[in-house]
Structure formats: C-alpha cells, structure tokens
Amino acid sequence: MYRLPKFIINLAALSMTAMFLVACGGGGTDNASSVVTGGSGTVGLFVTDNPITDGTIKAACVTYQKVEVLGDGRYTVYQGQPRTFDLLQLRDHARPLAFGDVPTGVYEKIRLTLVNDGIELKLDNDTGCDVPSRTSAYPKLPGNNKLDFVVKGGIVVQPGSSEYLEIDMDAEKAIHIVETGKNCNSNSANKNDVMEVNGTCTQFNFRSVVFVRALNKEFTGKLIRVVGTIESVNREDRSFQLCNALPGMEDSGAQTDPMTRCIRVRVSPDDSFFNAAGSPQPLADIQSAVGEQVTVNGRLWRVIKPEIPDGYQPRPGECRIWDPALPADQQSLPGACEDLWDNVQPGQYLISGDDNDYYPLVLDALTIGVGSTTLINGMVDSSPVPVSGSQDEQFGMEVGRPSPIDVVLQAGVTGGNGTRIIDQMGNPLTSAALFPPRPVKVDGVVVDSSSVLGELVVLLDDPAGLVGTTRMSGTIGSVATDGSAFVLVMDPADPDNTKVDPTLSDQSVAVPLEAKILLVDLSTGSSESLAREQLTRAAGKYINLYAVKQTSGLGDWLADTIVVIISGSSSP
C-alpha cells in the first residue's frame, strides 16, 4: 500500500458546514487566517439535480469543457475533452464533475465553462444524451457560456485535505418553459430556444438556479455513481483501486502513483457484485474483474464512517468490527481483516488500520457491476411476481413506451447478493415496496427491448419541494423588515399566473426561515443565496415564486423557493 507522510495524513480531516451560493465578486473570508501555508489539497465536485416534473423535456444534456476554482489564485480542476451529463438522470444520485489538487488557500468561486450550445433539451421519447435527437431546444446561455458559483465562506484547502462539494443544478427552476402561442420567432441571438411542441410554440429559458453544499456528516449528500477501471484488489479487506473514474485526475501514465489518480472502493458483506451480463456473482470474484471497467454505486466513506476514539483504531494491516451501538470498551478485538470480513453484521462496519491512506476519494460500495450499466426512469406498472423456475422476481415498469418493460429482481448467490432495492436515502427495502404507480429508477443491464436485469432499484420519493407547490411570477412590493413576509405584485403577462389567480390581484406571501432565496443574474450566469433578512434587497425586483397555498396562518401563500431575477449586467 502507498502511504503519504503521517504529518500530511493527520491534517486530512477538515470538516465544513453546509454552504449555499453567495454573490459573484464577494469579498474576503474570515477563514484565510486559519489556512496552513504550503502544500496542497484536493477539491472534489459532484453534480446532482432535483426532479423535474414537466414531461416535455426528455433529457437535459449539459456539456462542459473546463472547471476552475478561483480565490487565492486561479486553478483548473478539469480541462479536456467535453463531458456531458443528463440532469434528468441525477435525481437520486450524484456524479463526479471535476477533481484536482490545488495549493492551500481559500477559494471562493467555482467556474464552469460550457461548450457552445452547452445545454441541449431533448424533446423526443426514447432518447438520451448519447443518442442524436430529432427535436432539441438550446436555451440561450448567460455569461459567455460561463457559470460562476461563489461559495459562502470559501473552500478552505489545507495541506493534505480533501474538500467535497455537491452542486445541485435545479432543473425544475433553472429551465423556464413559456408557451408563446403561434409565434415561433425567437427574439434572442440563439434561434433554437423556441420550438413547436404539440402544436404550440414554446420558448425555453435558462437561469443559473444552482445550490452548492459541502459533504460532511451533517449533509451526506446523495448516492455517488462512478465508472472506472479496477487496477488492483486488496484480498484481505476486499477493497479495490478504481482508476480513470474522476474527471481531472485520470491516468496520466503508468509511473503515476495510483493514490493520486485512483479512488479506493470499500466492499462490505451486504454489497452486490454483477458480471458483464448483469448476473450476481460471489463478492470474492471481484478479483477476476481486475483490468475491467465497472460501475459503482456507493456512499462517501468519510461521511458514514463512525468516529473511532483514540486508542481503538486497529494497527496497519489489521481490521476491527465496529458496532456504533456499543461503547468503545465493548467493541470486539482487532484481528486479520480476511478472518473478520464474513462476521460483519448489518449496521456494523469493518474498520481497517489502513483507512487513513490518502486517496482523492474513498467510497463505501453498494453495488458493483462490470461494464457501463444503463439507467432507466419510470413508474411501477405491476407489482413483483415470482419468475418461473428460479428464485428471482420481476415487476412491470412503465417507461413511456406502448408496453411496459420487465425488470428482473435477481436473487443472491452463494457468497454474494442479488438486486439491491433502496429508497433515496439509501435505506434497504424489500420488493413489497414496489407497487404501482410508484416512481423508480433502475440501474442494470438491458437484455432486450422488453427486459432488464436489475442491479440497483431506487424507489423515488415524490418531488421534494414541488408537491402542492405553485409557480407564480411578479414583482416584490413591500417587504417586512426581517424578510418574514412580502407582497407579490403579480404579472398579468406571465402565463404561469393565469393558472393561479385569474383576477391577478396582489398576493401576500409568508417566508419561513427554511425558505430558499436565490438572486440570479441572467447576464453573467452568477447566483447569490440570500438570508431571509436580506430579502429587502429584492424589493422592486422581478421574481419567480414557488409557494404553497395557505389554509391557515398569515399570508395567502407560504414560500418554498424565491428566485429573484436580475436582467442587468450586475447584481444590486
């Protein structure tokens, strides 16, 4: 095993509180004085999305070619071949966006550079970002194809530290769809932002509605999905090195230390391993996949690893089964990792004396599938039933085709597990939870046009923050001094409002402390997260409001999200 000097390892544990975006061009930070000068650390960025409920858009493909961090210098964490991700596929998980080593310091801004027409909204059925589309809309991009995300407090990089942030590109609010009647002419330089949809001319607008939060024990983020190549397997604790998995830290040559370009994946007895055909295999067979590309779904290890008091960490080369429900002095004794591995019970963790080894990323696996698996969104059409002649089950899944497809829930094999079924929080479920018409996502191998071998099935929640939420637009009138309430002067020209209140009278809005308030500059692509007491800054500004109709209490509406729109060249 490769190891960094101990003094660097000991500085690696740096926690950060959850953060949201603040204004572009923000000033300094109080954290600068606490940074140890010299050396470098890793910045890792993941991208995810909230669900989008509009059925018009079948895929939202974002293509980027460069990612930078700016603050105490300007450093690139990814630059190379354009990479594309589909926002609509990121409802239940996050994917690596960019990883890189940067000098110690405080970095207040993340800059994402998209390619020309870097956001493609596909309107065809049965299409994805890797399939040419017959009908696509390309909303005009602000800020010369650059999106700037400035992080409150900055990203504090210490020697040897790893700082991970989840970037939530909220497509439901970022992509504004407006029916323009029979006029399909575009007023912008981008003539592809207006399309005819179901006989109606529709305009697609984009605004940078993006939230950034640090991954830590308070905010563990979503399931992480990575694709890479297994380079080596540690037989004792059945972890493996996964390489070419992080944009910006790919294999740069055979002589490169794998601990600077690969990630470590920890395997637990309740994980599932599948071969290239999508069939379950014994976990010990992971050794046979060395040199193969695999898809891994897992959790960031450092945010789920239990706290081990001083004196109880096993020695290098040994392991210890740790039960978070027991005090430290009642934990089992350390021993050989290979001997203890099969004795780990649900809710327990196998702690290795080598867990402090530095990698850009360490994942605790849930499923490991050889090859690049396929993600499919849909609705449960029929509940699981036994598959004749096997221990498997299968359920019908509606995916927008004339006929549902069959998803096979595979039984485990000796020494290995079968299809994993979880909710969006990662909690295990049984097949009894899969009944119509619940929304699900399946990660697996397509057998033919009507059948999929499931490796991971995620039961999706109702769209968070959108159930019962109504969208309105208008201008903020009077605002309470503490931002707890305001008057919305509704815009009679906005089609959204005709569905809300035909009289278009002014509406009173209560703002709870947990409401999200985002100021978006359309010309620069920058965003600023406001505290409730800062809402007075938005007086007189145009907003999109997402709110719930009040049945009691103060105000006509209860705000969920307030997006303040700035069309000029700078924020107020």
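In this chain, residues are counted from 1 in sequence order. Just so it is clear, the model here is predicted, and its values are computed rather than measured.
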If only atom types and distance count, is the side chain of [X] paired as donor or acceptor with the main-chain N or O of [Y] below 3.5 Å?
| X | Y | result |
| --- | --- | --- |
| Asn497 | Ser473 | yes |
| Ser382 | Phe395 | no |
| Tyr359 | Val265 | no |
| Gln345 | Asn343 | yes |
| Gln331 | Leu326 | yes |
| Asp49 | Ala171 | yes |
| Arg302 | Ser162 | yes |
| Glu455 | Phe273 | no |
| Asp392 | Ala411 | yes |
| Ser288 | Asp285 | yes |

Pair Val442-Leu375, side chain to side chain contact (heavy atoms under 4.5 Å, CB included): steps then yes or no: CA-CA 6 Å; Val442 173; Leu375 289 171; over 6 Å; no
Non-hydrogen side-chain atoms of [X] and [Y] separated by less than 4.5 Å:
| X | Y | answer |
| --- | --- | --- |
| Ile351 | Cys319 | no |
| Lys122 | Cys61 | yes |
| Leu45 | Val67 | yes |
| Tyr138 | Leu121 | no |
| Tyr349 | Ile321 | no |
| Gln424 | Leu460 | yes |
| Thr430 | Ile421 | no |
| Asp381 | Pro436 | no |

Criterion side chain to side chain contact (heavy atoms under 4.5 Å, CB included) on Ser208 and Phe149, from CA distance to verdict: CA-CA 9 Å; Ser208 183; Phe149 317 142; 3.8 Å; yes
How many angstroms lie between atom [atom1] of [X] and atom [atom2] of [Y], to the nearest 0.5 angstrom?
| X | Y | atom1 | atom2 | answer |
| --- | --- | --- | --- | --- |
| Leu90 | Ile167 | CG | CD1 | 12.0 Å |
| Leu363 | Ile368 | CG | CD1 | 10.0 Å |
| Thr561 | Arg471 | OG1 | CZ | 11.0 Å |
| Asn297 | Leu456 | CG | CG | 5.0 Å |
| Leu215 | Leu300 | CG | CG | 6.0 Å |
| Lys441 | Asn377 | NZ | CG | 4.5 Å |

Salt bridge (Lys or Arg N to Asp or Glu O under 4.0 Å) partners of residues 363-373, not counting sequence neighbours, each pair once: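 Listed once each, the pairs are Arg266-Asp364.
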Residue pairs, two or more places apart or on separate chains, that pass salt bridge (Lys or Arg N to Asp or Glu O under 4.0 Å) and touch residues 404-428: none
Between [X] and [Y], what is the shortest heavy-atom contact and its length?
| X | Y | result |
| --- | --- | --- |
| Arg401 | Ile405 | NH1-CG2, 4.0 Å |
| Glu120 | Ser136 | OE2-OG, 2.7 Å |
| Asp271 | Ala365 | OD1-O, 2.7 Å |
| Leu361 | Ile263 | O-CB, 3.2 Å |
| Pro269 | Leu283 | O-CD1, 3.6 Å |
| Met397 | Gly378 | CE-N, 3.2 Å |

Residue pair [X] / [Y], side-chain donor-acceptor N/O under 3.5 Å:
| X | Y | value |
| --- | --- | --- |
| Arg83 | Tyr78 | yes |
| Asp560 | Thr469 | no |
| Thr48 | Lys222 | yes |
| Thr229 | Gln293 | no |

His93: which of Leu223, Val226, Val458, Ile224 passes side-chain contact (heavy atoms from CB on, under 4.5 Å): Leu223
Test log, rule side chain to side chain donor-acceptor pair (under 3.5 Å), inputs Arg207 and Asn544: CA-CA 11 Å; Arg207 63 280 311 271; Asn544 294 144; 2.6 Å; yes
For Arg225, all residues meeting side-chain hydrogen bond (donor to acceptor under 3.5 Å, both in side chains), sequence neighbours excluded: Thr373, Asp443
Aromatic ring proximity Phe46/Phe99, centre distance under 6.0 Å: yes
Worked check of side chain to side chain contact (heavy atoms under 4.5 Å, CB included) between Leu366 and Ile422: CA-CA 10 Å; Leu366 179 67; Ile422 61 172; 3.8 Å; yes
From CA spacing to verdict: side chain to side chain contact (heavy atoms under 4.5 Å, CB included), Trp341, Glu236: CA-CA 8 Å; Trp341 200 86; Glu236 285 72 28; over 6 Å; no
Arg91/Asp86 salt bridge by N-O under 4.0 Å criterion: no
Within 6.0 Å of CD in Glu307, more than 12 heavy atoms from elsewhere: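 Atom CD in Glu307 is not packed in, count stays at 12 or less.
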Over 12 foreign heavy atoms within 6.0 Å of CD, Gln287: yes
Tyr546 six-ring centre to Lys173 NZ/CZ under 6.0 Å and within 45° of normal: yes
